[in-house]
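Take a look at the structure below.
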Amino acid sequence: MQTRNLLPLLVIQTLLCGAISAQTSTADPSALRAAATPSSDQTWWKHAVVYEIYPRSFQDSNGDGIGDLNGITQRLDYLQKLGIDAIWISPMYPSPQVDFGYDISDYENVDPKYGTLADFDRLMAEAKKRNIRIMLDMVLNHTSDKHRWFIESASSRTNPKHDWYVWNDGVPGTGKNAHQGPHGSVVPPNNWISGFGGSAWEWNPTVKQFYYHQFYKQQPDLNWRNPEVEKAMFGSMQFWLDRGVAGFRLDAITDLFEDPQLHNNPETGGINAQGDPNLGDTYTNNLPEVHDTIRRMRAMVAKYPGNRVLIGETYLPNTAELDKWYGGTAKDELQLPMDMIVGFSNRLSASNFRKRIEEVETQVHGSQPLLVFDNHDNGRSWERYGDGVHNEQIAKLLAAMLFTTRSTALMYYGEELGMVTSMPTRVEDVKDPIGITGWPKEKGRDGERTPMQWDGATDAGFSTASSTWLPVASNYKTVNVQAESADPNSLLNWHKELIHLRRDLPALHEGGMVMLDRTNPNVLSYVRTAPAGAKAVVVVLNMSAQPQTLSLDLAEAGLKGKRVKAILTDESSLKGLSALTNVTLPPFSSWVGSVE
C-alpha cells in the first residue's frame, strides 16, 4: 500500500533523483565475487516469478462486475502459459470494503463478493495441478473497525480486548479536534496524521478515548506491544498455512509499531494533497521493535514444509535498511523484502539502475533480491518510465531487467500487456478513499486497478455486467491478451520469452552477476555467469533516446570467450551480432545473448 507509506516513498525518490556522481563500484571485492558466483540453491522462491492479482479486477465469473476467486481459477491456464510460479492475491477476506479489502473484518474466511472457502480450496487445487503456488496478502498493522476484536475493544475500557488497539486519553486542549473527556476538554495526544487525511486519532465517545489509525479511520491500528495480538494474528496466518498457501505478502509491515511515548513527528515543510502538514515518520514507521516480531514470525512459518515464504512491503530509504529486513547476517527475518529502491525510482537511468542493482547484489549479505516495478498502489510503469513515444520499447527494457537480473521477480496483472494508468477525470467517479479525500491533487489509485484486458469484446472479456466496478481502460480493443497473443512482437510475447528463458537457461536461472562498462551513463550491461558446462549470458539495454555505440570487454566478468549469439532482441539490426565490439544500439533497444 504505497499511499500508506507516502513519506518513505518521498524520501526514496529524493535520494534516487539526486545526482549520482559515483559511476564505479564501491562494493567490497569479496561481495562482488560472491555476487558473480553461480548458486546451486534451488529453493523455489529464489527463482520464482510472482504475479500479483487484484481480485476485484482480474476476472468476473458471475456477471456482477467484480472479479472473484472462480474468475482467477478460470484464468490459470493463461498464467501457466505465461510462466508464472506463484500468485499473490490481494486481500479477499471479508471486509466492509472501505479500502477495498485492506480493512479486514475476518481473517479466516472469504468475502462473499469473491466467493467461498470452497472456491478458494478449488483454486488451490487447480493451481497445484499447474505447478502454481498461491500466496495471500496479510494485513497485520490494522483491522476493520467492524472486526469483532475492535467492536469489543471499543465497548469498554475494561473489556479484555481494549488493549488490543492503540488507545489514548488525549491531552487538555480546545479546537476543532477537541472532545469532552472524563476530566475536561481533550485533543489528540500528538501531531500524527493519517495517510488518508486529517489526524491519525479518532475519538470514541463510548470509552472517551482516541484510537490511533495510521490509515483510514475505519482501519484502527492493532497494538503489537500486546502479546495476545501477536498470538491471534499468527493464528490467522496458521489458518491459511494449514490450508496450503505458499506464504504471504505482508502489507504495511514496517508500520506495526509506533513510539509508546507518542512524540510528535518532525514537520518537513509544506502541506500534502489532503491539506495536512508534511511530516516525517520517525515515530510511526520502521521502529526497531518490529524486527523481533518478524523473527518470531519467520520461525513460526519455518515449521511448515515446502519452503513457505514471507514477502514484505518495505518502502525503505536505502539498502542498509533493507538488509535489516532480511535479518542481516543472520538472515532470519523476511526471505524477500521488496526492493522498492530500484523499481520505483521513476527515471530511466543506466547509472542509477547499475548502482542500485549492484547495491542489493552486494550489501544484503548474499540474501535474495526481490525486484518489482508495478503494484496496486502506484501508477503503472508504462507512464512512470515511458516518454509518451517509446513506451513499449521502454516497457520491454524494464521487463528484460526484471527477468534477467539475479532476483526474484514480482509483477502486477496487466503489466505484461502494457496496461495504462486510467485515472478518473471527475471526483464523483473516484472509488479510492484517498482519491476522494485528496482530490484534485491526489486522485487515488483507481487508475492502476482497472479490469484486466482479455479481449476486444464488451468489458474487455473481464465481465458480462452492464457496468464494472471500475471502467475498463479505453485502449482495451488493441491492448489485450487475445490481440497480443497473435502478435509475435507484442509486449506479452516478449514477457513470455523472457520468463521462459529465465527458467530454461542455467545462467539466467542460477547464474551470478557482473556489471560491465561501469561508466556508461546510457547503457546498462551485465553478464550472468553460468554454472559449469553452461553458457554465460550478456544483457545490454540502451536506456537513452539516441543510438549508442559501445564495445564490451567480457574479460571484466572473467570470461575468455569473445563471440556472442543473440537469444532475444527487439531490434532486427541486432539479431546477427557475433561480437560486442563497436556495436551501435538503436534507441531504447534490448539485447540478450549467449557467450559462445
Side-chain angles (χ1 to χ4, degrees), residues 41-62 67-94 101 107-138 235-250 297-298 300-311 334-336 368 370 403 408-416 452 454 481 495-496 499-500 502-504 509-510:
D41 189 341
Q42 297 300 314
T43 303
W44 74 268
W45 49 262
K46 291 192 173 185
H47 309 280
V49 176
V50 182
Y51 189 94
E52 181 193 354
I53 290 177
Y54 199 70
R56 296 181 73 86
S57 297
F58 196 62
Q59 180 65 59
D60 170 19
S61 70
N62 60 5
D68 47 51
L69 295 181
N70 286 336
I72 298 174
T73 303
Q74 287 177 15
R75 297 297 187 176
L76 285 174
D77 287 342
Y78 166 77
L79 296 172
Q80 182 184 33
K81 186 177 293 187
L82 181 58
I84 299 305
D85 299 295
I87 301 167
W88 148 31
I89 303 174
S90 295
M92 43 130 217
Y93 317 100
Y107 285 85
E108 298 178 12
N109 213 325
V110 174
D111 193 296
K113 291 181 177 64
Y114 301 139
T116 65
L117 277 173
D119 293 331
F120 177 81
D121 291 340
R122 178 171 168 265
L123 170 60
M124 287 278 297
E126 291 299 317
K128 185 176 181 180
K129 292 177 184 177
R130 296 162 177 81
N131 295 312
I132 296 174
R133 292 172 167 85
I134 303 294
M135 302 181 64
L136 296 184
D137 211 321
M138 184 55 62
S236 291
M237 296 174 75
Q238 290 166 337
F239 173 87
W240 295 104
L241 289 166
D242 290 340
R243 236 176 172 89
V245 302
F248 301 96
R249 177 266 190 184
L250 305 174
M297 186 186 301
R298 173 72 175 269
M300 179 269 289
V301 172
K303 294 177 182 178
Y304 286 83
N307 292 306
R308 315 291 175 97
V309 65
L310 296 173
I311 295 176
L334 304 181
Q335 293 99 326
L336 296 173
Q368 177 71 10
L370 172 62
F403 297 119
T408 300
L410 175 57
M411 57 186 299
Y412 183 48
Y413 81 94
E415 178 180 340
E416 70 275 21
M452 179 68 171
W454 295 103
V481 171
H495 275 76
K496 287 180 181 179
I499 292 171
H500 286 276
R502 172 189 173 94
R503 182 174 292 174
D504 296 339
H509 185 71
E510 60 211 51

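Residues passing the side chain to side chain donor-acceptor pair (under 3.5 Å) test with Glu510, sequence neighbours excluded: Gln42. In this structure Phe248 satisfies the ring-ring contact (aromatic ring centres under 6.0 Å, His included) test with no other residue, sequence neighbours excluded. Scored by the side chain to side chain donor-acceptor pair (under 3.5 Å) test, His47 finds no partners at all (sequence neighbours excluded). Partners of Lys129 by side chain to side chain donor-acceptor pair (under 3.5 Å), not counting sequence neighbours, listed by chain and number: Glu126. In terms of the salt bridge (Lys or Arg N to Asp or Glu O under 4.0 Å) criterion, residue partners of Asp41 (sequence neighbours excluded) are, by chain and number, Lys46. With sequence neighbours left out, the ring-ring contact (aromatic ring centres under 6.0 Å, His included) criterion links Phe120 to Trp240. Scored by the side-chain contact (heavy atoms from CB on, under 4.5 Å) test, Asn131 finds no partners at all (sequence neighbours excluded). Legend: residues meeting side chain to side chain donor-acceptor pair (under 3.5 Å) with Glu416, ordered by chain and number and at least two apart, are Tyr51, Tyr78.
In this structure, Leu336 CG and Leu410 CG are separated by 9.5 Å, a value rounded to the nearest 0.5 Å. Atoms CD and OG1, on Gln59 and Thr73 in that order, are 11.0 Å from each other to the nearest 0.5 Å. Of the inter-residue distances, the one linking Phe403 atom CZ with Lys496 atom NZ reads 13.0 Å to the nearest 0.5 angstrom. Summarising the geometry, atom OH belonging to Tyr413 is positioned 11.5 Å from atom CD1 belonging to Ile72; distances are rounded to the nearest 0.5 Å. Remark: Ile53 CD1 to Phe58 CZ distance equals 4.0 Å, nearest 0.5 Å. To the nearest 0.5 Å, atoms OG1 (Thr408) and CD (Gln368) are separated by 4.0 Å.
By the 4.5 Å heavy-atom criterion applied to side chains, Lys113 and Arg56 are counted as neighbours. Within the 4.5 Å cutoff, no side-chain heavy atoms of Trp45 are placed close to those of Arg133. At a threshold of 4.5 Å between non-hydrogen side-chain atoms, the residues Met237 and Leu310 count as touching. Tyr107 is listed as a side-chain neighbour of Met138, based on a closest heavy-atom distance under 4.5 Å. In this structure, Arg249 and Val50 have side chains that are not in contact, with every pair of non-hydrogen atoms separated by 4.5 Å or more. Two residues are said to be in side-chain contact when any heavy atoms from C-beta on lie closer than 4.5 Å; Asn62 and Asn70 fail this criterion. Here the side chains of Leu69 and Thr116 are not in contact, with every heavy-atom distance at 4.5 Å or above.
Of all heavy-atom pairs between Arg308 and Val245, the closest is NH1-O, 2.9 Å. Among all heavy-atom pairs drawn from Glu108 and Ser236, the shortest one is OE2-OG, 3.1 Å. Shortest non-hydrogen contact noted between Ser61 and Gln74 is CB-NE2, 3.3 Å. Nearest heavy-atom pair, Pro91 versus Gly101, reported as atom, atom and distance to 0.1 Å: CB-O, 3.1 Å. Nearest heavy-atom pair across Ala246 and Met135 is CB-CG, 4.2 Å.
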Under 3.5 Å, which donor-acceptor pairs do the side chains of residues 81-89 form with other protein atoms, sequence neighbours left out?
from  : atom 1 : to     : atom 2 : distance (Å)
Asp85 : OD1    : Arg503 : NH2    : 2.9
Asp85 : OD2    : Val49  : N      : 2.8
Trp88 : NE1    : Asp137 : OD2    : 3.0

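Formation of a donor-acceptor pair under 3.5 Å by the Trp44 side chain with backbone atoms of Asn307 is found in this model.
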Note to self: Run the side chain to side chain contact (heavy atoms under 4.5 Å, CB included) test on Met92 and Leu136 for me, step by step, so that the C-alpha distance in whole Å, both residues' side-chain angles and the decisive distance to 0.1 Å come before the verdict.
What the structure shows: CA-CA 8 Å; Met92 43 130 217; Leu136 296 184; 3.9 Å; yes

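Among pairs with a residue in residues 115-124, those fulfilling salt bridge (charged side-chain N to carboxylate O under 4.0 Å, His left out) read Asp121-Arg243, at least two apart in sequence or across chains.
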